[in-house]
K.L.:
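What follows is a structure written as C-alpha cells; I'll ask about it next.
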Protein chains: 2
Amino acid sequence: MTSGTPTSSARAVTLEQPTLGAACEAIADALEREALVTVFGRCTVDYEGRASSTLEAGDRHVMLKPDGAALVHTDEGQQPVNWQPPGCTHDVFCDRAGDDIDANGAETLVLESGRPTPDERLCVRFQDVLQVSAFSGTDENELTLSGTEEDLRQRILEEPTLLEAGFRPLATERETAAGAVDIYGEDAAGRTVVVELKRRRVGPDAVGQLRRYVDALERDLHADADVRGILVAPSVTDRADRLLVDHGLEFVSLEPTSE
Amino acid sequence: MTSGTPTSSARAVTLEQPTLGAACEAIADALEREALVTVFGRCTVDYEGRASSTLEAGDRHVMLKPDGAALVHTDEGQQPVNWQPPGCTHDVFCDRAGDDIDANGAETLVLESGRPTPDERLCVRFQDVLQVSAFSGTDENELTLSGTEEDLRQRILEEPTLLEAGFRPLATERETAAGAVDIYGEDAAGRTVVVELKRRRVGPDAVGQLRRYVDALERDLHADADVRGILVAPSVTDRADRLLVDHGLEFVSLEPTSE
DNA sequence: CTGTCGATATCGTGG
DNA sequence: CCACGATGTCGACAG
C-alpha cells in the first residue's frame with residue numbers, strides 16, 4: 001500500500017434496486033451492527049404519539065441512526081417531514097398487508113421506530129425500495145461554535161464597561177424565584193442590576209423574561225429595593241421596545257462577538 | 001413487463017468508493033439535474049455567518065437538496081451537526097489545497113453552500129469519499145397532522161362550554177397592541193374573556209404572553225374594563241401556576257384532541 | 001424584507 | 001423523570 005491519504009475504518013455498503021426481502025435482510029443486519037442506515041424509495045408514513053400524522057405515498061429518503069433517531073426527508077425543506085428522536089428502537093420487517101386497502105395485498109417493507117415515554121411510534125411502509133445503504137465510521141470531534149449567548153456573557157464579564165461605566169458583575173446564573181439571572185451586579189451608584197442576554201434581535205418574550213427576574217428580585221430584596229433591568233442584545237423589535245419603556249427597563253446594544 | 005408493483009419514475013444512482021474526481025463529476029451532474037445528492041465520507045466542516053463553527057475530520061453523511069438546503073449528519077442526534085437552509089446555492093469542486101496544513105497538500109473534494117442574506121456559507125471538505133448517491137423522485141402529497149393548537153381551537157369553538165358554561169367566542173386572532181389573541185369572547189356575565197391556547201404543558205412564557213394580551217385589552221377598552229385571561233392547555237408548571245395566581249389569570253385544562 | 005408565534009420543536013443542564 | 005431556557009432554532013403567515 002502506498003502512503004498518502006490516511007486509511008479510514010469507515011465502510012459503506014449499498015444495495016441498488018433490491019427486492020423487498022433482500023432490503024429487509026440488509027437493513028436488519030445493519031441495525032444489528034449499529035450502522036447508520038438509509039433507505040430511498042416510495043413509501044407512506046404514519047406517526048402516532050404527541051400528535052398524529054399521515055403522509056400518502058411518495059419518494060423519500062429515510063435515515064435510521066444507531067442512537068435511535070429516525071428521519072424522513074423529502075426533496076424539500078431543511079426539516080424532516082417525519083422523524084423520531086434519539087432513544088427509539090428501530091424495527092424492520094416485510095409484510096404482506098392483505099387487509100390494507102392501500103397496499104392492496106402487495107408486499108411492503110416496514111420500518112418502525114418507537115419509544116415508550118412519551119408513547120410514540122413512527123411507521124414507514126415502502127412499496128418500492130430503490131436503494132439501501134449501511135454506513136459505519138467514527139466521529140470523535142465535537143463542534144466548536146462561536147457567536148453564542150455564552151460569548152456575549154464572556155465579553156461583558158471581561159469588559160463590564162461595555163454595559164456601562166461603573167458596572168460591576170457580582171454573579172452569573174444567580175437564582176431567583178423566577179429562574180436564574182444571566183448576569184447579576186451593581187451599578188456605579190450601588191443599585192442592583194439584572195442583565196438578560198440575547199445573542200440576536202429580540203421580541204416581546206425576552207422583555208417578559210427580564211421583567212419576571214426584576215419583579216422576583218424586588219420581592220426577594222424587600223419592597224423598597226430599586227432593581228434595574230437591562231436587556232443586552234444586538235437590537236429589539238418595536239413592540240419589545242415599547243414594553244421595555246412601559247416597564248421601566250433598559251436596553252444596551254451589543255453583539256456576541258466584537259466583529 | 002408483468003403487472004404488479006406500480007412503476008415509479010424515481011431513480012437512484014450510486015458510486016461506491018469513487019475517486020474524488022469521479023465523485024466531483026457525479027455530484028456536479030446530479031446538482032445540474034436537480035437531484036437530491038448524498039455524500040458519505042471523511043470530512044471537515046466550517047460554517048461562517050450568523051455565528052461561526054468548525055468541526056475537525058470525521059465520517060459524516062451530507063445531503064444536498066434541490067431546493068438549496070444542506071444537511072451534515074453524524075451518527076448521533078436528530079439534528080444535523082451543520083446545515084444550510086433552503087434557498088442556498090450549492091457548489092462542488094476538487095481542490096489541491098497546498099496551503100492548508102491539515103490537508104497537507106492532498107486533494108480534497110469541497111462542497112460549498114451559501115446565500116447572500118443573511119451572508120452565510122457552509123464548507124464541507126472531504127479527504128475521502130465512500131459513497132455518492134443521486135436521487136430523483138416525486139412527492140406530491142402533503143402531511144396531514146392532528147393534535148395541534150389549531151385542533152384545540154376548533155374544539156373550543158365547536159363546544160365553548162368546554163371552556164366554561166356561558167362562554168361565547170366572538171373572534172379568533174383578534175388584534176391587540178400586544179399581538180393577536182387566540183380566542184376573544186364574553187362570559188355569561190358579559191365580561192370580556194381572552195383565551196390563550198397551548199397544545200402542551202406550559203411554563204412561564206405562556207403566562208407572560210396571556211398577561212400582555214390582557215393588559216393591552218384593558219387599555220384598548222378603557223381603564224375600567226374588567227378583562228379575564230384564561231390559559232387553556234393540558235397542564236401548567238408550578239412556576240407558571242404561581243404567575244397565573246399573581247396576575248389574577250385563570251387556567252382550564254384541555255387537550256387538543258378528545259382522546 | 002421584518003415581526004410574531006407555533007412546533008411531534010430539539011438540545012443541554014440542573015434538580 | 002420534570003422544568004427551564006438557548007437555538008446559526010425552523011416555518012408559516014401577516015404587513
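Order of the sequence lines fixes the chain letters, A, B, ..., with proteins taken first and strands second; residue numbering starts at 1 for each chain.
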K.L.:
If you check every side-chain atom of R212(A), which of dC5(C), dT8(C), dG5(D) has the closest atom?
P.N.:
dG5(D)

K.L.:
Base, sugar-phosphate or nothing for E196(A)? Non-hydrogen atoms, less than 4.0 Å.
P.N.:
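Sugar-phosphate contact only.
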
K.L.:
Check every strand shown and say whether P86(A) touches a base, only sugar-phosphate, or nothing at a heavy-atom separation below 4.0 Å.
P.N.:
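The answer is sugar-phosphate, as P86(A) gets under 4.0 Å only of primed atoms, P, OP1 or OP2.
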
K.L.:
Answer yes or no: are there more than 12 heavy-atom neighbours, outside R121(A) itself, under 6.0 Å from its atom CZ?
P.N.:
no

K.L.:
Would you indicate what A206(B) reaches in the nucleic acid, counting non-hydrogen atoms under 4.0 angstrom: base, sugar-phosphate, or nothing?
P.N.:
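It contacts nothing in the nucleic acid.
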
K.L.:
Across all strands, who's sitting opposite dG8(D) as a Watson-Crick or G-U wobble pair, both distances under 3.5 Å?
P.N.:
none

K.L.:
Could you check whether H61(A) and H61(B) have their ring centres less than 6.0 Å apart?
P.N.:
yes

K.L.:
Taking the P atom of each, how far is dA7(C) from dT7(D), in whole Å?
P.N.:
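After rounding to an integer number of Å, I get 22 Å for this pair.
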
K.L.:
Closer than 4.0 Å, any side-chain N/O of T237(A) to the OP1 or OP2 of dT4(C)?
P.N.:
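True: T237(A) side-chain N/O within range (under 4.0 Å) of dT4(C) OP1/OP2.
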
K.L.:
R153(B) has an atom CZ; how far is it from atom C1' of dG6(C), in whole Å?
P.N.:
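Result: 12 Å.
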
K.L.:
So if I take every side-chain heavy atom of K198(B) and compare against dG6(C), dA6(D), dT10(C), which nucleotide ends up nearest?
P.N.:
dG6(C)

K.L.:
Please check the phosphate of dC10(D) (OP1 and OP2 only) for any side-chain N or O of R50(B) closer than 4.0 Å.
P.N.:
yes

K.L.:
Please give, in whole Å, the distance from dC2(D) P to D238(B) CG?
P.N.:
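For the pair D238(B) CG and dC2(D) P, the rounded distance is 13 Å.
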
K.L.:
Could you state the atom-to-atom distance from CD of Q209(B) to P of dA7(C) in whole Å?
P.N.:
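Taking atom P of dA7(C) as the reference, CD of Q209(B) is at 11 Å.
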
K.L.:
Under 4.0 angstrom, heavy atoms only, what part of the nucleic acid is P85(B) near: base, sugar-phosphate, or nothing?
P.N.:
base

K.L.:
Measuring only between side-chain heavy atoms, which start at C-beta, is T192(A) closer than 4.5 Å to R228(A)?
P.N.:
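Contact flag for T192(A)/R228(A) side chains = no.
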
K.L.:
Measure from CZ on R200(A) to C1' on dG3(C) and round the result to the nearest Å.
P.N.:
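Result: 11 Å.
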
K.L.:
Answer with base, sugar-phosphate or nothing: what part of the nucleic acid does G77(A) contact at a heavy-atom distance below 4.0 Å?
P.N.:
sugar-phosphate

K.L.:
Taking the side chain of P204(A) as heavy atoms from C-beta outward, which of dC2(D), dC5(C), dT8(C) is closest to it?
P.N.:
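Of all the options, the side chain of P204(A) is nearest to dC5(C).
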
K.L.:
Are the side chains of Y184(A) and E173(A) in contact, using a 4.5 Å heavy-atom criterion?
P.N.:
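With C-beta onward as the side chain, the pair stays apart.
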
K.L.:
Rounded to the Å, how far apart are Q84(A) CD and dT10(C) P?
P.N.:
9 Å

K.L.:
Can you tell me, in whole Å, how much space there is between the C1' of dT8(C) and that of dA14(D)?
P.N.:
25 Å

K.L.:
For dG6(C), does the base pair up with any side-chain atom of E149(B) as donor and acceptor (N or O, under 3.5 Å, distance only)?
P.N.:
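By the distance-only test, no, there is no pair.
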
K.L.:
Is any side-chain nitrogen or oxygen of Y47(A) closer than 4.0 Å to OP1 or OP2 of dA7(C)?
P.N.:
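For dA7(C), neither OP1 nor OP2 has a side-chain N or O of Y47(A) closer than 4.0 Å.
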
K.L.:
Check whether any side-chain N or O of W83(A) sits under 4.0 Å from OP1 or OP2 of dA9(C), and answer yes or no.
P.N.:
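No, W83(A) has no side-chain N/O under 4.0 Å of OP1/OP2 on dA9(C).
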
K.L.:
Between dG8(D) and dG14(C), how far is it from one C1' atom to the other, in whole Å?
P.N.:
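Rounded to whole Å, the distance is 25 Å.
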
K.L.:
If you draw a 6.0 Å radius around CD in E255(B), do more than 12 non-hydrogen atoms from other residues or ligands fall strictly inside?
P.N.:
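Result for CD/E255(B): open.
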
K.L.:
Send over the distance from Q79(A) CD to dA7(C) P, rounded to a whole Å.
P.N.:
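The distance from CD of Q79(A) to P of dA7(C) comes to 15 Å, rounded to the nearest Å.
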
K.L.:
Do P85(B) and E120(B) have side chains that approach each other closer than 4.5 Å (heavy atoms only, starting at C-beta)?
P.N.:
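Of all side-chain heavy-atom pairs linking E120(B) with P85(B), at least one is under 4.5 Å.
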
K.L.:
Rounded off to whole Å, could you give me the CG-to-P distance for the L197(B) and dG6(C) pair?
P.N.:
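Spelled out: CG on L197(B) to P on dG6(C) is 9 Å.
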
K.L.:
Go nucleotide by nucleotide along DNA chain C from the 5' end; which of T117(B) and V81(A) gets its closest nucleotide reached first?
P.N.:
T117(B)

K.L.:
Does a side-chain N or O from Y213(B) land closer than 4.0 Å to OP1 or OP2 of dT4(C), or not?
P.N.:
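No, Y213(B) has no side-chain N/O under 4.0 Å of OP1/OP2 on dT4(C).
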
K.L.:
Starting at the 5' end of DNA chain D and moving along, which residue's nearest nucleotide shows up first, A180(A) or P116(A)?
P.N.:
P116(A)

K.L.:
Taking CZ from R199(B) and P from dA7(C), how many angstroms apart are they, rounded to a whole number?
P.N.:
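R199(B) atom CZ is separated from dA7(C) atom P by 6 Å.
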
K.L.:
When you check the phosphate oxygens OP1 and OP2 of dT8(C), does a side-chain N or O of S52(A) lie under 4.0 Å from one of them?
P.N.:
no

K.L.:
Examine the base of dT4(C) for any acceptor or donor lying under 3.5 Å from a partner atom in the side chain of D205(A), and report the outcome as yes or no.
P.N.:
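Side chain to base: no pair present.
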
K.L.:
If we check side chain to side chain contact (heavy atoms under 4.5 Å, CB included) with L152(A), which of these qualifies: V232(A), T257(A), L162(A)?
P.N.:
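For L152(A), the side chain to side chain contact (heavy atoms under 4.5 Å, CB included) test succeeds with only one of V232(A), T257(A), L162(A), which is V232(A).
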
